[in-house]
Structures are given as structure tokens and as C-alpha cells.
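Side-chain atoms are counted along with the backbone in the values below, which use heavy atoms only and exclude waters and symmetry mates. Numbers restart at 1 for each chain; the letters A, B, ... are given by sequence-line order, proteins then strands. Model, not experiment: these values are computed from the prediction.
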Amino acid sequence: MSWLDDLERKLHDVDIQVVNDAKSPSGRPHVGALRGVLIHDAVYKFLKDKGIKVKNIYGSDDYDPMDELPGGQTAEKYDKYLGAPLSNVPAPEGSEHKDIAMHYISDFFNIFDEIGAEAEFYYMRDYYKSGFFNEAIDILLSRAAEVREIYKKVSNADRPNDWFPAQVVCEKCGKLGTTQIIDYDGKEATYVCREDMVTWAKGCGYKGKVSPFDGNGKLPYKVEWASKWKYLGITIEGAGTDHNTRGGSRDVADAVSRRIFNYQPPVNIPYGFFLMGGAKMSSSKGIGATARDMTNFLPPEILRYLMLTTQPKRAINFEPSQLFITKLFNDYDKLHNKIITGDELPDYEQQIYTLSNVFTDKKYEVVDFSLIVTLIQLPHIDIFERVEERFGRKLTEAEHKNLQKRIEAAKYWLENLATEEELIQLQETLPEEANELSQTQRGFLRTYAKHIKTIDWTEEGLQTAVFDAARLTPINPKLGFAAIYRTVLNKQQGPKAGSLIAYIDKDFIETRFNELDFDIVEYWNETSISQDDFDAWMRDNKDKIIEQKEQEITENSTSVKEYVVSLNDGKTYLKRVKK
RNA sequence: GAUCCAAUAGCUCAGCCGGUAGAGCACAUGCCUUUUAAGCCUGGGGUCCUGGGUUCAAGUCCCAGUUGGAUCACCA
């Protein structure tokens, strides 16, 4: 995988590589946040495998000001907290956590385990309150003019001379996002809590003087980023494309890091968004899948595969369609099967696999996802039993677990993502589209309905009967199947016909298959062969024939001769010859 | 306005360090007859967006442009 090899070449010359990523816990993290998690985790695992000393840290930026109302919460309750540090905002009703930052981040951190990501967590509130960033705050406030210059030069943003690169928590209203430090004497900062500081929060107008240290103050995002690099010794940190634009936050942080802290910025891994059906998912609006949704849906190895097989720079365009999901599972399975059969693989494919399949050993057999999707839509089917039947053995523990997770994924997909058309739906009445079936197909349905009266109503029997009926029509079995799916499900394809029919009422099937108008003369026209062709066929098979019957039938002054011929392979063919 | 990403078969895309253009699906032919999103064989189909440059050699590297998507310029 080139991007990892690339990265290895760019590593800083230090004793220990520190990989960092962070999330502001301002809402339920959307699935895009997982891309960062998995990219950084992949880097961590990749370097560790190479014998390079490395640690992976992940921060909760919980001292950031709350800049929007939490999803599903009332303005009444939370308006007054807009602009306050997230760690100081109370959690919503019913939460087991005290503050809203912990409320949101704790479940997100749980996800790490579930998807096999390893990281040491840290919380920015702790760093601020413990004074860890005191030195950074002092340096930045003292050199405010240089920071203003950087803002101007790098992102062409004008910062007035009474703007300082830190904010303090207002002693009166507790807000942080609304305060502007206008002076710093080396010990204390003079600030105003401004009404018009930002659009998303209103300050109280208070003016005061306070020490900006030990949690009283906080650095704004861009310079905070540079401070984290310097004081946490971060050497590798990717970020989404939103940060990576020219003059964007990454550029500002880079400049601050170099010029103020004399620290080489970490190796960057710019990565693209995670798009859902072509649209960017937004956590704030409560639309699109959250990280939690996606983790509940996809098995970890599939999710990891999806995130890692796409080159970081490219956007992942996730579609919840059956086609897309099936392909995703199949792509992974293909790779997995190559691994278990020991095929030669390009290095990067091997790498992706190793980084994707982090939980189980490699020696398990996977069950096709679309098959599972089909089976769980049919009642009374024990999938585990059916799979063991097919494998011809008991499932191993790993296989059982894997299958269980896939069944859950299939259920999730059916319940939350599948469209009407993708569901298997028994048609209560004969679908309109069935009128497009040929007379041959109609004849087949009638033949089949008649044939299954005489057999055991079992999945296998019903499946075999399709082929028997096809020979007796005669019709290409493919078209026969199509006729069944059209009349029963109003689809072109469907689950294995025998299994499907086995779970449907007998009378229903018989009625349905005889329901279409039937023009027997046209049917004969379509299915008849010439006497010569018939004779040729008989010559070809003459050694195999064990029984032969014939009859002539007439309808509307048209006559055909039907030959029913049984061969020694146990199969019976009908040949129809036009008179 | 600036920046980033993309453009390759009908569709979705792969193409790692420059070396005779690939896969899946779709399509077509043939086979098979317990194939139903779970058969098999074979085949057709490409101006690798355009124009220049570097090179013995460019889908790949460089420059300019076209089209589409995204991001930033307030905050994180």
C-alpha cells in the first residue's frame, strides 16, 4: 500500500513516533470520524510491525467551546451554554455522564475496541487544568504580534492589534468562545466578553482581568493544534481535507509550529471525506450515519477494509444499495479467500488484509453476504444449520462468530437501508409485469404447478422440479426461473426458487401459476421443433432411451405431436413437433 | 477568489518504482441442465479528458487548459 510506504520514508528522526488524532465531542460523531481513527490505527500497526517504536494517542477536544446546540436538545436548556467549554456543559437528561463532552465521546471511544483500533485516550480539559499548556499559552500571548502576522500571511485573515491568540473563560457567564483577550502583562490577561465575537454565541459584555493559566484559558484551535504537536511530541497526524486547504487550519498550525515553537510539524496524511450516497454526511444536522450506526452495521474487518482500501486522498463514496454493500463484502471475501488458499498477492493487498482482519485468525470460511440477506428474509430458516449443511461440517468458533456478525449486518441493512425494491416481497396479487411473460413461460408455470402436486413439498424437491418442469415444457431453465420470480416476487431474480416456494402456501402457488391467460396454440408455436430436428435428437440419444410415449393433440384446428421420452439418466424430456 | 481531488471499456473502478491497457458487472457466443445475486468456456468493446513538455519509452512524471466534485477565506 503506497501511502504507508510513502509515510515511512517521511518519518521524523526521533526515538519514538507519536501518532495523534482528536475529535471535538460536540455531537454524535459521524462515520467520517472513523476514517481518521482507522487511518491512524493502520499507521500505528504498520510501524509497530516494522519494529519502529510508536504510540498512538487520541484526544477528546473537550475544552472547545460548544458552537451549536446538541442534536435533539432544546434551545431553552442549552442556549446559555453556547460558547462554554464542552466539558462544562451538562449532559442531556438520562445520560450516565455528567457533562456533554463525556456523554458524546465515551461511546465513541467504546467503538475503538469494537473495530480493533488501539489508542491511548487523553482529554484536553485535563491538560489545560493541570497547567500542561501554561508555557504554550504564555509564549503565544507574549508573541501575539507574530501570531497575528502568521494569520495574515498564511490565511490572509486580519487580526486586530488587540487580538491575542488565547481565550479565557468569562468569570461572569462561563463562556469561552465569546471572550477576546485584549492585553497580556505576562501574568494576567485583560479580556472582554463580547456580544458580537462570534455568530453562534452571545457574550455577556463583562470585562475583566484574570490569569489565563491552569484551565482559565484556552488556545484557539489552530494554535492549540501546533501546541499539541510541540508539547506532546507528535510526529504523525493526518487530517480531513477540510483542514488541508491552502491557508486553512493545517497551514496556520504548521507556520505557528515552525516559527513560534521551532518544531517540525508532524507528517501529514490528508484524507478525503466519507460521502453517503454522494452527499457529505453531517453529524450536526442529525442526518446521515453516525460512527455508531456504521459500527453497528458493518463487521469490523469489512469496515476496516473499506476505510483502508481506498487511498486516503480519495473520498469514500458509500452507498447503502444492495449492489454496493454486496460488492464490498465480496471484495473483502475475494481477498480473504486468496489468503486462505495461499495465493501470491501483491504487497499492498497483503498489507490491507493484515490491517483489516485484526480479530480472527485467517483460517475461517466466509458465507456470501447476499445469500445471508436472502435467507433471513425467508421465514423459518436456521441459517447456521443451512450453512453447516453446505459446508458439510460443523462451523468453527471463528466461523460462527463471523456468520453471526454478518447476519446482524444483513438484518441492519434490511431494517435501515434497503429500499422497497431491494426487499423480497411476496406479491399478494399477480403483478402487472407478469403479463410480459411469453406463452412458453406461462406454459412452464402450468407444467410446474402440475408437476409439484406429485412430489414432496421440500426445498430440494421443489428446486429439482423446476428443472424437471423445464424439460417437460420445454424451456430454458433460466427463463423458467424468471417466470417464477416475476409472478411470485415481481422481480427478475430472487432467492433459490426451491427454498422460496417451500415456505409459501401450496394453494397460493398453484393458483398463481395458473392465473395468467394462456394461449395454447401460441405456446405450441413457440415450443415446437421440426420433425427433422426431433429425429436428429432421437438418433443422438437412441442408446439412452428407456421409455417413450407419444400423443397427438388438437386445439382450434391446430395439431401437435408430443413425445415424452425418458432417458437412462433418469430425466424425462418432452419434445413437441408441429404437424 | 484560492486550493485539493477526480477524469481509463456501456456502468463501477484497479493500474504499486515510467516498460505490450486490467477486473467485476453488463453484453454476445457456446456448453451445462440440481445455476438463482452461488455454473463453466470463449469473445467483442478503450483517442486512458484536451494540448504541450521530459524520456529510448508516458494512463503513470512536469506545465497549461476543460469538465465534475469538494474544501477554505467565521469557527472547529
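Between B/rG15 and A/Q311, a contact under 4.0 Å exists linking OP1 or OP2 to a side-chain N or O. Within the 4.0 Å cut-off from OP1 or OP2 of B/rC32, not a single side-chain nitrogen or oxygen of A/R471 is found. Under 4.0 angstrom from either OP1 or OP2 of B/rU34 there lies at least one side-chain N or O belonging to A/K571. Regarding contacts with the backbone of B/rA37, every side-chain N or O of A/Q322 stays at 4.0 angstrom or more from both OP1 and OP2. Residue A/T199 has no polar side-chain atom (N or O) positioned under 4.0 Å from OP1 or OP2 of B/rC75.
Residue contacts shown for A/R486 are absent, as no nucleic acid heavy atom lies under 4.0 Å away. When heavy atoms are screened at a 4.0 angstrom cut-off, A/D368 is found touching the sugar-phosphate backbone but no base atom. At a threshold of 4.0 angstrom between heavy atoms, the contacts of A/K478 include nucleobase atoms, whether or not backbone atoms are also involved. Counting non-hydrogen atoms under 4.0 angstrom, A/T326 reaches nothing in the nucleic acid. At a threshold of 4.0 angstrom between heavy atoms, the contacts of A/D64 are confined to the sugar-phosphate backbone, with no base atom among them. The residue A/F324 sits apart from the nucleic acid: no heavy atom pair falls under 4.0 Å.
Atom pair A/M124:CE and B/rA76:P shows a separation of 12 Å (rounding to whole Å applied). Put simply, CD on A/Q463 is 13 Å from P on B/rG39, counting in whole angstrom units. The CD-P distance, from A/Q377 to B/rA37, rounds to 11 Å in whole Å. Per the geometry, CG belonging to A/L7 stands 16 Å off C1' belonging to B/rC16, to the nearest Å. Rounded to whole Å, atom P of B/rC74 lies 16 Å from atom NE2 of A/H243. Look at CD1 on A/I325: it is 18 Å from P on B/rA37, rounded to the nearest Å. Distance, A/D468 CG to B/rU34 C1': 9 Å, rounded to whole Å. One interatomic measurement links the two molecules: CG of A/L489 to C1' of B/rA37, which rounds to 13 Å at whole-angstrom precision.
Taking atom C1' on both nucleotides, B/rG43 is separated from B/rA6 by 32 Å, rounded to a whole Å. Nucleotides B/rC74 and B/rU67 have their P atoms positioned 28 Å apart, rounded to a whole Å. Taking atom P on both B/rG59 and B/rU33, the two are 47 Å apart, rounded to the nearest angstrom. Between the C1' atoms of B/rU3 and B/rA9, the separation comes to 33 Å (whole Å). The C1' atoms of B/rG10 and B/rU66 are separated by 23 Å, rounded to the nearest whole Å. When the C1' atom is used for both B/rU60 and B/rU8, the distance is 12 Å, rounded to whole Å. Atom P of B/rA28 sits at a distance of 27 Å from the matching atom of B/rA14, rounded to the whole Å. Between B/rA57 and B/rU47, the distance separating the two P atoms is 23 Å to the nearest Å.
With a 3.5 Å ceiling on both atom-pair distances, B/rU54 lacks any Watson-Crick or G-U wobble partner. Partner assigned to B/rC75 is none, using Watson-Crick or G-U wobble distances below 3.5 angstrom. If you check B/rA70 for Watson-Crick or wobble pairing at under 3.5 angstrom, you find it paired to B/rU3. Base pairing of B/rC17 is not made with any nucleotide, judged by Watson-Crick or G-U wobble geometry with both donor-acceptor distances under 3.5 Å. Base pairing of B/rC25: its partner is B/rG10, meeting the Watson-Crick or G-U wobble criterion (both donor-acceptor distances under 3.5 Å). In this structure B/rG44 sits in no base pair that meets the Watson-Crick or G-U test at under 3.5 Å. In this structure B/rU60 sits in no base pair that meets the Watson-Crick or G-U test at under 3.5 Å.
Evaluation of atom-type donor-acceptor distances gives a pair under 3.5 Å for the side chain of A/T245 against the base of B/rU71.
Heavy atoms of other residues, nucleotides or ligands lying less than 6.0 angstrom from NZ of A/K202 number 12 at most. Counting non-hydrogen atoms of other residues, nucleotides and ligands closer than 6.0 Å to NZ of A/K152 gives a total above 12.
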Review point. After noting the C-alpha distance and the side-chain angles of A/I302 and A/F329, does the key distance pass the side-chain contact (heavy atoms from CB on, under 4.5 Å) rule?
Key: CA-CA 7 Å; A/I302 302 293; A/F329 275 88; 3.6 Å; yes
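Set against B/rA76, B/rU33, B/rU36, the side chain of A/P477 has B/rU33 as its closest nucleotide. Minimum atom distance to the side chain of A/T464 is reached by B/rU34, of the listed B/rA76, B/rU34, B/rA6. Here B/rU34 is the nucleotide among B/rA73, B/rA38, B/rU34 with the atom lying nearest to any side-chain atom of A/F467. Set against B/rC75, B/rU35, B/rC72, the side chain of A/D242 has B/rC72 as its closest nucleotide. The A/V198 side chain lies nearest to B/rC75 when the options are B/rA6, B/rC75, B/rA76.
Comparing A/K313 and A/Q167 by the nucleotide of RNA chain B whose heavy atom lies nearest to each, the residue mapping closer to the 5' end is A/K313.
Below 30°, between 30° and 60°, or above 60°: for A/Y563 and A/F534 the angle between ring planes is below 30°, a parallel geometry.
A/Y81 pairs in a side-chain contact (heavy atoms from CB on, under 4.5 Å) with only one of the listed residues (A/L69, A/I100, A/V89), which is A/V89. Screening A/D64, A/L86, A/D61, A/I105 for a side-chain contact (heavy atoms from CB on, under 4.5 Å) involving A/S26 leaves a single residue, A/L86.
Taking 90° from 0 as the syn/anti boundary, the base of B/rC11 is oriented anti.
Between A/R148 and A/D162 there is no salt bridge, since none of the side-chain N atoms of the basic residue sits less than 4.0 Å from a carboxylate O of the acidic one.
Using a 3.5 Å distance cut-off with no hydrogens or angles, the side chains of A/E237 and A/W225 do pair a donor with an acceptor.
No side-chain donor-acceptor contact under 3.5 Å links A/T440 to the backbone of A/T527.
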